[in-house]
Student: 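One structure coming up, written as structure tokens, with questions to follow.
Keep in mind that what you see is a predicted model, and the values were worked out from it rather than measured.
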Number of protein chains: 2
Amino acid sequence: MSIGIDNVFETVATRPRTPSIIVGVAFPQRVKMSDVARTAGVSVATVSKVVNGRYGVAQATVERVQQVIHDLGYEADLGAQSLRSHRTNVLGILVAEFEPFSTELLKGASREVAGSGYQLLAYSSGDGEGAAIGWERRSLARLSGTLIDGAVIVTPTVVETKHGFHVVAVDPHTGPSGLPTVDSDNFAGAVLATNYLLSLGHRRIGHISGRPDLESARLREAGFRQAMADAGVAVDERLVRVGGFRIEGAAGTAAELLALPDRPTAIFAGNDLSAISTLDVARAIGIAVPDELSVIGFDNVPESALVDPPLTTIRQPLQRMGAESLRLLIDLIAGVERDAHIRLPTELVVRASCRPIG
Amino acid sequence: MSIGIDNVFETVATRPRTPSIIVGVAFPQRVKMSDVARTAGVSVATVSKVVNGRYGVAQATVERVQQVIHDLGYEADLGAQSLRSHRTNVLGILVAEFEPFSTELLKGASREVAGSGYQLLAYSSGDGEGAAIGWERRSLARLSGTLIDGAVIVTPTVVETKHGFHVVAVDPHTGPSGLPTVDSDNFAGAVLATNYLLSLGHRRIGHISGRPDLESARLREAGFRQAMADAGVAVDERLVRVGGFRIEGAAGTAAELLALPDRPTAIFAGNDLSAISTLDVARAIGIAVPDELSVIGFDNVPESALVDPPLTTIRQPLQRMGAESLRLLIDLIAGVERDAHIRLPTELVVRASCRPIG
DNA sequence: ATGAAAGCGCTAACAT
DNA sequence: ATGTTAGCGCTTTCAT
């Protein structure tokens with residue numbers, strides 16, 4: 001028994017709200033630095049020095065204050081602390097939403113940050129794709145002033161940073177520019193995907209392209225066209241359509257493609273989500289994959305292996321990209337001289353959604 | 001070709017650091033409220049009123065200020081704003097680290113938060129499991145004062161909150177207490193898993209239990225024992241061992257179990273990560289799964305389907321749990337009366353890591 | 001309708 | 001060695 005697509009993206013059902021219990025508990029108050037100071041019989045300045053390990057405090061005082069801090073469970077308020085010091089040891093990862101792509105990056109970043117002395121703060125603007133372009137600028141403005149020491153921005157379209165604030169872009173809008181970036185070899189990956197379909201005998205190959213404002217989407221389409229050209233196969237322009245990078249957007253595009261009288265025998269989807277969407281649409285209208293249609297995706301998010309049939313796709317080393325971007329950010333902050341553009345390889349992952357034509 | 005375990009948890013290789021480019025770009029300064037005020041020719045107080053939609057500002061002034069805000073790209077600093085107002089429209093999800101379990105919750109929460117008017121801030125203490133107990137308390141203290149209006153805490157062991165601050169615990173240390181909680185039916189799920197192994201004819205069944213301080217781990221072990229007892233099968237205590245909930249911790253335990261002279265024919269691992277670890281160990285010492293050993297996990301994280309062989313497991317509706325916990329938190333903040341304990345069902349997901357004995 | 005001023009919790013000169 | 005003070009960017013009385 002394999003898990004069908006319905007289970008891959010769990011439906012968040014609207015459940016009945018049965019009001020039955022009123023929740024109301026008495027809580028202790030938040031303890032602030034002044035509480036520590038009063039209890040320890042010193043000034044807040046002294047507590048601050050102890051907290052931050054500054055010189056000029058008697059050993060006995062240090063110990064007493066630390067004891068009180070421990071007893072009271074004091075923890076510095078991040079907002080107040082950063083407002084003043086502009087240093088928090090917190091690194092941000094800014095995403096539009098938490099979906100399979102960004103959460104894979106998060107896993108890699110999380111592993112990389114362990115032991116670095118930094119903590120990780122992932123911030124989602126809450127806007128889905130395109131819902132509000134410029135989310136990255138707004139999120140950055142909101143946090144960069146004080147809360148975080150640097151940021152990794154995932155799939156930004158607008159890039160603009162503040163003085164002295166370090167930013168690394170993952171899979172950015174533009175190709176490598178002045179901004180430090182981490183991405184994978186989208187062009188080569190697309191060639192890989194297309195060549196694979198060609199090697200299976202496919203000639204009528206469709207392409208659902210991603211967000212046109214994303215460099216990675218453009219490179220994937222370019223790779224597709226290059227591979228087709230190299231093979232001497234003409235691209236039927238009616239088979240190349242924008243689908244976006246999300247489930248919903250791609251569904252309509254996939255439906256258009258499959259409704260064509262001379263529909264493609266294979267589709268190279270711009271990413272796994274749109275490929276999964278294509279699988280969904282194909283099933284709905286009774287086209288068997290891979291028997292009647294081959295589908296290949298891009299990304300290799302975990303979900304790509306969970307669908308039926310398991311998706312053949314191009315792997316981007318997402319977790320590693322997350323780790324590399326965080327490492328790059330840390331190095332940048334530390335002033336380490338290093339190459340600020342990292343491009344990682346892609347590779348073909350053959351599963352079961354493609355088969356030879358015929 | 002399927003993806004082996006080595007690819008599931010991507011190795012973050014230590015790459016050569018080839019210093020080649022120094023990055024240094026000139027950035028514009030952060031624009032603050034006083035900049036807007038000066039440009040618009042009003043006071044910061046007036047700008048604040050406009051930003052927060054307060055009454056008492058002339059229409060013409062409102063428009064002029066909004067224009068300036070737009071032109072300058074002003075965005076309120078989260079730290080400063082919250083320090084003063086104690087209201088941010090940001091909800092926190094506190095986790096020890098970003099691993100498959102918490103990131104699934106994140107996906108569900110992210111979907112639920114869309115359109116709610118809230119933004120999501122996921123905070124990782126950076127400590128791995130057990131590295132520093134009390135991470136939840138410290139993270140909470142750090143953020144709850146100002147930055148977030150409420151929090152979902154994932155797998156907390158220590159629960160303690162501040163006055164007037166709303167917290168929802170997912171998969172908490174203790175059973176349902178005064179604190180609002182979201183979990184799944186761990187006991188029933190464990191019975192399901194054990195019965196499945198029993199139905200396959202297994203009698204020497206081992207159990208790698210999770211963090212003993214976690215209620216869910218205890219319930220899974222209890223369910224295991226209950227199912228065994230109900231079937232009239234004695235539990236060999238040497239086959240029940242603590243492994244923790246992470247890859248590393250479980251590996252040693254799995255190795256011990258499999259090195260036993262009369263080793264188990266089946267293992268019910270406390271969660272998918274320890275099950276995957278068991279698969280790994282089995283392969284390393286040449287025990288074939290499922291031919292010589294059946295393994296069943298718990299959670300159904302996406303990674304469970306990616307390993308070889310694909311893991312049979314007990315599904316927790318993780319994304320839904322994330323969504324429910326966020327909904328609960330939002331309702332709590334809004335003062336909605338409702339049941340503050342949500343328990344979701346578990347179900348068996350049969351893949352390929354178990355087979356009948358003999 | 002607008003602005004001056006106080007203060008949120010904290011850090012960093014600067015005094016003592 | 002410790003405390004006093006100013007102020008980070010913002011919101012909110014309270015005057016004007």
Student: Contact between B:Phe98 and B:Leu106 at the side-chain level, heavy atoms closer than 4.5 Å - yes or no?
Tutor: yes
Student: Please determine if B:Glu324 and B:Arg327 form a salt bridge, counting it only when a charged side-chain N lies under 4.0 Å from a carboxylate O.
Tutor: no
Student: Considering all heavy atoms of both residues, which atom of A:Ser110 and which atom of B:Glu97 are nearest to each other, and what is their separation?
Tutor: OG-CB, 3.6 Å
Student: Thinking salt bridges, do B:Asp35 and B:Lys32 make one under a 4.0 Å N-O criterion?
Tutor: no
Student: Given atom CG of A:Asp35 and atom C1' of C:dC8, what is their separation to the nearest angstrom?
Tutor: 14 Å
Student: Summarise how protein sits on nucleotides 7-16 of chain D as a single string, 5' to 3': B when a protein heavy atom is under 4.0 Å from the base, S for sugar-phosphate-only contact, - for no contact.
Tutor: BBBBBB----
Student: Which is true for A:Ser82 with a 4.0 Å heavy-atom rule: it touches a base, it touches only sugar-phosphate, or it touches nothing?
Tutor: nothing
Student: Between A:Ser43 and D:dT4, is there a side-chain N or O to OP1/OP2 distance below 4.0 Å?
Tutor: no
Student: Could you tell me how far apart B:Leu143 (CG) and C:dC10 (P) are, to the nearest whole angstrom?
Tutor: 13 Å
Student: Decide yes or no for A:Val50 and A:Val36: does some side-chain heavy atom of the first lie under 4.5 Å from some side-chain heavy atom of the second?
Tutor: no
Student: What integer distance in Å separates B:Arg142:CZ from C:dG9:C1'?
Tutor: 13 Å
Student: Rounded to whole angstroms, how far apart are CD on A:Gln59 and P on D:dT2?
Tutor: 11 Å
Student: Using whole Å, what does the distance between atom P of nucleotide C:dG9 and atom CG of B:Leu147 come to?
Tutor: 13 Å
Student: B:Ile330 and side chain to side chain contact (heavy atoms under 4.5 Å, CB included): which single residue from B:Asp149, B:Val168, B:Leu91 fits?
Tutor: B:Leu91
